[in-house]
> 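Would you mind keeping the following structure in view while I ask a few things?
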Amino acid sequence: MTQQSESTTTSTTAEETGDPVPPAAPAPGRPDLLPSSSLTDPHPLAAPHALTGLHPVTHPHADGDLHTVTDPLPLPPAGPHPPAAPHPLTDPHPHPLAEPRPPAEPRPLGERRMWPRSFVDRLTAPLPGLRAFARLAREGAIRPRADGLADIPSLPFEPGPLPRVDAGTVAVSWAGHASWVIRIGGLTVLTDPVWSRRIMGTPARITPVGIAWSALPRVDAVVISHNHYDHLDAPTLRRLPRDTPLFVPAGLGRWFRRRRFSRVTELDWWEAAQLDGVRFDFVPAHHWSKRTLTDTCRSLWGGWVLTAPEGTRVYFAGDTGYGHWFTRIGQRHPGIDLALLPIGAYDPRWWLRDVHCDPEEAVQAAVDLRARRMAPMHWGTFVLSAEPVLEPLRRVRAAWERAGLARENLWDLAVGGSRVLE
């Protein structure tokens with residue numbers, strides 16, 4: 001299977017044109033769920049990674065324990081946070097952008113800027129080579145076994161109405177995967193919106209979208225973490241008015257402007273912009289970018305810290321492995337009230353550890369950030385790797401308990417669920 005590159009003309013892939021996908025038979029007792037057998041068919045080598053943007057990164061010593069997670073410390077109580085202590089995980093090649101600094105002044109919205117041709121120097125681990133692909137082909141572990149798919153009907157899916165909020169209320173609602181509806185400072189912000197039933201190179205969703213598009217209020221802004229297909233979905237974005245404010249990583253603005261979006265703000269790591277009193281800070285992640293055969297690391301990747309006018313702060317991690325950036329983010333943005341952290345798509349570990357947190361690492365990341373609460377994401381929606389579908393939830397709950405953290409601060413929402421920050 002080869003990738004189809006996106007054209008600058010009107011020619012696009014079938015998925016990008018929104019052509020209908022024949023519906024699969026629903027799982028018993030649940031609407032719009034695929035039967036387990038549809039996920040066990042052999043898949044071409046690397047197709048689920050290269051086509052969805054989940055191409056993992058390997059380390060020269062991938063069989064070793066690169067990211068050793070220390071015993072986590074309890075999360076701090078509410079109130080202003082002191083600077084976080086240095087994390088024992090050392091960065092052998094610190095990047096100049098890693099030094100703690102005060103938050104940057106917001107940049108102008110929609111500013112046109114020149115960017116480097118490549119951001120490969122931002123990688124924190126090398127991209128995989130032939131030896132890693134050969135091992136993956138030999139082991140063939142890219143999808144769960146049949147027993148790992150048996151729990152699909154048990155995945156938590158509880159769609160409900162969006163909370164009623166005012167300008168002083170912050171609420172989050174999980175549509176599935178990395179798609180959140182964040183109500184903050186009177187704005188409705190979407191993160192990595194994917195309302196499509198299917199993305200390139202993967203089976204269809206195993207849980208429906210938790211929030212109907214028709215149930216959304218006016219979308220005031222969208223933040224994008226990177227350009228992989230499970231985070232940047234063209235059919236979903238086409239539903240938005242072309243004057244919707246978009247906040248995207250450096251180098252990705254051209255993709256949106258080709259689609260006639262007129263209010264696109266590109267940011268580098270540690271840069272910020274502001275919309276109607278809400279601050280949008282773009283922060284680093286341990287990941288990478290690729291959407292076609294020829295654009296590896298041509299645009300940046302990262303997460304977002306959203307800060308309400310009164311100071312409530314929500315961190316959306318996007319897609320990331322575990323590493324030193326979490327401590328640095330917590331130092332530059334103290335007082336994170338809620339961290340939206342990925343916990344899925346981590347097995348086989350040697351293949352995905354550098355780009356995707358496992359549940360235990362996500363809990364440690366919340367501690368490194370000194371976040372008061374954590375909401376897991378990036379699991380239970382698309383089958384992108386080999387772990388059993390319910391395992392991420394079980395493991396994150398166990399890791400949270402082992403860390404001695406207050407159960408009410410783990411917001412393990414069902415798809416479609418919402419919570420309000422008091």
Side-chain angles (χ1 to χ4, degrees), residues 27 33-43 45-49 51-59 62-63 65-67 69 128 132 135-157 174 176-178 199 201-207 228 230-231 286-287 317-322 340-365 374-402 410 412-415:
L33 296 187
L34 286 179
S36 300
S37 60
S38 66
L39 299 173
T40 57
D41 297 334
H43 206 287
L45 172 62
H49 305 289
L51 292 182
T52 65
L54 290 179
H55 194 315
V57 177
T58 57
H59 190 272
D63 291 325
D65 187 9
L66 173 63
H67 298 318
V69 180
R135 178 178 174 183
L136 184 68
R138 185 170 64 252
E139 296 180 359
I142 58 175
R143 291 284 186 264
R145 298 178 310 194
D147 57 347
L149 297 169
D151 286 326
I152 287 177
S154 300
L155 289 169
F157 177 71
W174 189 34
H177 202 54
I199 56 173
T202 70
R205 307 174 79 105
I206 57 174
T207 49
H228 290 164
D230 59 322
H231 294 258
H286 297 273
H287 206 62
D319 210 352
T320 181
Y322 177 75
L340 311 175
L341 288 164
I343 65 168
Y346 53 78
D347 190 33
R349 204 73 200 108
W350 67 268
W351 178 245
L352 291 166
R353 69 182 309 140
D354 293 317
V355 292
H356 290 158
C357 289
D358 65 23
E360 293 77 15
E361 290 169 336
V363 171
Q364 183 64 45
M374 170 186 164
M377 65 173 183
H378 204 273
W379 76 280
T381 307
F382 296 106
V383 175
L384 303 172
S385 54
E387 73 270 6
V389 294
L390 261 180
E391 182 182 277
L393 181 61
R394 297 186 183 117
R395 284 177 56 174
V396 78
R397 287 173 173 173
W400 194 263
E401 182 179 1
R402 284 196 304 271
L410 178 63
D412 46 346
L413 299 180
V415 175

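No experiment lies behind these values; they were computed from the predicted model shown.
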> Identify the two heavy atoms, one from I206 and one from V389, that lie closest to each other, and give their separation to 0.1 Å.
CD1-CG1, 4.0 Å
> For W174 and D412, what are the C-alpha separation, side-chain angles and deciding distance, and is it a side-chain contact (heavy atoms from CB on, under 4.5 Å)?
CA-CA 10 Å; W174 189 34; D412 46 346; over 6 Å; no
> Rounded at 0.5 Å granularity, tell me how far CH2 in W350 sits from CG in L136.
5.0 Å
> Could you check if a side-chain atom of T320 sits within less than 4.5 angstrom of a side-chain atom of P342, using non-hydrogen atoms only?
yes
> CG of D358 to CZ of R353: how many Å apart, nearest 0.5 Å?
8.0 Å
> Please report the shortest heavy-atom distance between A362 and C357, naming the atom on each side.
N-CB, 4.2 Å
> Could you tell me if Y346 and E391 have a donor-acceptor pair between their side chains, going purely by distance under 3.5 Å?
yes
> What residue among V415, V383, T381, I199 forms side-chain contact (heavy atoms from CB on, under 4.5 Å) with R205?
T381
> Measuring from L384:CG to H378:NE2, what's the distance to the nearest 0.5 Å?
6.0 Å
> Which residue, H177, H356, H228, H286, forms the side-chain hydrogen bond (donor to acceptor under 3.5 Å, both in side chains) with D319?
H356
> According to salt bridge (charged side-chain N to carboxylate O under 4.0 Å, His left out), who are the partners of E401, at least two apart in sequence or on a separate chain?
none
> Give me the atom names and distance for the closest heavy-atom approach of I343 to M374.
CG2-CE, 3.9 Å
> Is there a donor-acceptor pair under 3.5 Å between the side chain of E387 and the backbone N or O of A345?
yes
> So, do P376 and L410 sit near enough that their side-chain heavy atoms are less than 4.5 Å apart?
yes
> State, to 0.1 Å, how close G380 and T207 come at their nearest heavy-atom pair, and which atoms those are.
O-OG1, 2.8 Å
> Would you check if W351 and S385 make a side-chain contact, meaning some heavy-atom pair closer than 4.5 Å?
no
> Would L155 and W379 count as a side-chain contact (heavy atoms from CB on, under 4.5 Å) here? Give the steps.
CA-CA 10 Å; L155 289 169; W379 76 280; 3.7 Å; yes
> For residues R394 and D151, report the shortest heavy-atom separation together with the two atoms involved.
NH2-OD2, 3.2 Å
> Enter the distance from I142:CD1 to T202:OG1 here, rounded to the nearest 0.5 Å.
11.5 Å
> Kindly give the heavy-atom pair with the smallest separation between A178 and M377, and that separation in Å.
CA-SD, 4.0 Å
